[in-house]
2 protein chains.
Amino acid sequence: MDADQVRNMEEFAAKCGVSRPTVSKYFNDPTSVRETTRKRIEAALERYDFRPNIYAINQNRRLTKNIGIVVPYLADPFFAEIARRIERHCIDSGFSPTLFSAHGKPELEIDILDALRSVKPAGVLLAPLGRASDRSHIEKFCADVPTVLFDSNIEGIGSAFIGSDNFQSVPMIVDYLCRTGEPPCFFEMPPVNPNANKRRNAYVKAMEQLGHEPHVIRVDGRGWDFEDVGLRGGKRVIGEKKFVTNTVLCSNDRLAIGLLSAAFQLGERVGHGEDCTLRIAGHDDHPFSRFTCPPLTTVAQDYEAISNQSAETLFELIETDERRQTRTETLFEGKLVMRKSA
Amino acid sequence: MDADQVRNMEEFAAKCGVSRPTVSKYFNDPTSVRETTRKRIEAALERYDFRPNIYAINQNRRLTKNIGIVVPYLADPFFAEIARRIERHCIDSGFSPTLFSAHGKPELEIDILDALRSVKPAGVLLAPLGRASDRSHIEKFCADVPTVLFDSNIEGIGSAFIGSDNFQSVPMIVDYLCRTGEPPCFFEMPPVNPNANKRRNAYVKAMEQLGHEPHVIRVDGRGWDFEDVGLRGGKRVIGEKKFVTNTVLCSNDRLAIGLLSAAFQLGERVGHGEDCTLRIAGHDDHPFSRFTCPPLTTVAQDYEAISNQSAETLFELIETDERRQTRTETLFEGKLVMRKSA
DNA sequence: ATCAAAATTTTACGCGCGTAAAATTTTGAT
DNA sequence: ATCAAAATTTTACGCGCGTAAAATTTTGAT
């Protein structure tokens, strides 16, 4: 006989024996109604499993409980992993996260932000494309919506930035490589985001401080197919014997994975053993770096800390809705992960 | 002087010099208003860049333009890639897709479907977890929302299924492996989804038809960390010399990537050359399979066809809203991708 | 130019909720 | 038991749109 499903909050409130606004209060905060009425509502909830219409809820609210998570390239497991953690954090804090990927395209990044606007999100967590991003467009967006940048910094944009400290992590692995063998050269593609640039600069500085001459080798390649760039570029560089030392530090793991593949295909033995001809190191501790052949020596980014801090910073921003004037930058240290490749 | 921003459709209609419902009609279908009024609205649109409140729009509509895309594990680039294509297809067709990942957890899959319900989606594209999925829960969902399953089939659930034809692809690579060397054994983990099962059965059948004795080697491992399972299991199996032939067909590429890593670490030379001790093949043509060491011989799933067909099938379903009774299954053939590993 | 039919626009009402202000109930001190 | 203060609930109104029905304008044949 419970075929009489309730169609809206009005009908549901009638079943509860309270007024609609009381039910409305309950859904906004169950503790805001008296114990006895809460019980009555929850009893009715069991029978009718009524759920408020989220469109009607959000229609009048200036801000919703939605949070946008925007990453530059979701097919990269690094972003998939960090997005997963942020997503969970948002859900646990009572928000409704939605995941977007720019798929490496600046136009898409713009489209996503435009679409996000009409969802009236409480806040947005944005890992921008970087150099390809439309700076002024993102700036306008950040002026309207509380936004925290992560992974890739754009100077002065957004209310905060959370990422890795490249000027700690890169010198650390450079130091390690110098202690254990020949000083590394630096293997990079045209930098699509500021991290790549910073890492190169950090590499140069670290080498100079250690009294070595830096060598930067750049290969062509656009877009976000880093492995492919590493493979093609690596093949050419190895073939032409352009690596001036037997040790190569790549600007990220995905590039290193491509270079590893190139080295393997050209018969180079990669690793730190006696019989090896090449040492290759990466940066990020990409989820697949444990499974490369040989396993990749790299610097682990602190996924957990970056995800948590990004989310928490945004939550703070949302609560103290007076947009704060001081933009903070939080950088976490990387950890050296010594595996077989270097 | 255009500081006087319009706050709603009423005000915007006034600026246009037409009534609000006419503006409403325009946004639902610009061609449904007279040429002259369309011009007026579009002229006003330039000046005020008004956007209708999507919550108010969707409040009354029985169905929205939203489409849910649900995948079991987004950190798997296979799903990231297929989701990317479907997403694009939906946008190009005027829908608003939203991406969800169950992260390998059945509870999350249920949560996602429940959350989707309240978004009143026009339809859902679902790649279910498979065996771990709560069948009856998904069944109820499909009864309410037009749903197309892809990648992983659950018999009788959803209005259609689109995937790969394992009984074509597996015999093909088994045949190839037999023609070029020793008949393969089959390396699998406990099947988390029906594909793994079907592939094993297809392997056994193919071997028998070719007059060889099938050998299935199963390793432990739960969850979706396939590479890790392949690495651990592979190390043990290789160490204990349990592979009865020198050729191994893995139930998917991710497992193969783990096995390749195990082989490398134990000093096995993988490939089809004279000096090699092990041949390893996979299934799927995972985006990273080109970059393994050696590059992985595998069967390519037709990403493009599966994505397109899934989306198109759903669109049809949405338009002919009478839920059709005949559940269709569309299977696409795989293509042999010969690389170095086998 | 006229007028019925067709196309388009406007009027009028309703959707399912949020929320400030008013009304009621409960609390807690005496 | 009484009563003011505090907590809670209800009344009353509004949000920004969709949409059926009524009103108006345009079309096109004569």
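Since the model is a prediction, treat every value here as computed from it, not as a measurement. Reminder, nothing fancy here: chain letters follow the sequence lines and each chain counts from 1.
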Nucleotides bounding contact with chain A, strand DNA chain D, heavy-atom threshold 4.0 Å: D:dT8 to D:dG16

Lys/Arg-Asp/Glu bridge criterion (N-O < 4.0 Å) met for B:E329, B:R327: yes

Sugar-phosphate, base or nothing in reach of A:Y26, heavy atoms under 4.0 Å: nothing

Audit row: B:D144, B:K140, salt bridge (Lys or Arg N to Asp or Glu O under 4.0 Å) steps and yes/no: CA-CA 7 Å; B:D144 299 341; B:K140 271 182 212 148; over 6 Å; no

Nearest-nucleotide comparison on DNA chain D, the residue closer to the 5′ end among A:R20 and A:T37: A:T37

Heavy-atom donor-acceptor pair, B:T320 side chain to B:E316 backbone, under 3.5 Å: yes

Sugar-phosphate, base or nothing in reach of B:F12, heavy atoms under 4.0 Å: nothing

5' priority, DNA chain C, between B:P21 and B:Q59 [closest heavy atom]: B:P21

Derivation and outcome, side chain to side chain donor-acceptor pair (under 3.5 Å), residues B:D134 and B:S136: CA-CA 6 Å; B:D134 182 335; B:S136 72; 3.3 Å; yes

Test: A:E81 and A:R84 ion pair at under 4.0 Å: yes

N/O donor-acceptor pair under 3.5 Å between A:R51 side chain and B:S118 backbone: no

Touch class at under 4.0 angstrom, heavy-atom based, for A:N58 against every strand present: nothing

Between A:F78 and A:Y73, ring centroids under 6.0 Å: no

Dot-bracket encoding of pairs in DNA chain D, which uses [ ] for pseudoknotted crossings and | for another strand, Watson-Crick or G-U under 3.5 angstrom: ||||||||||||||||||||||||||||||

Ring centers of A:F315, A:F95 separated by less than 6.0 Å: yes

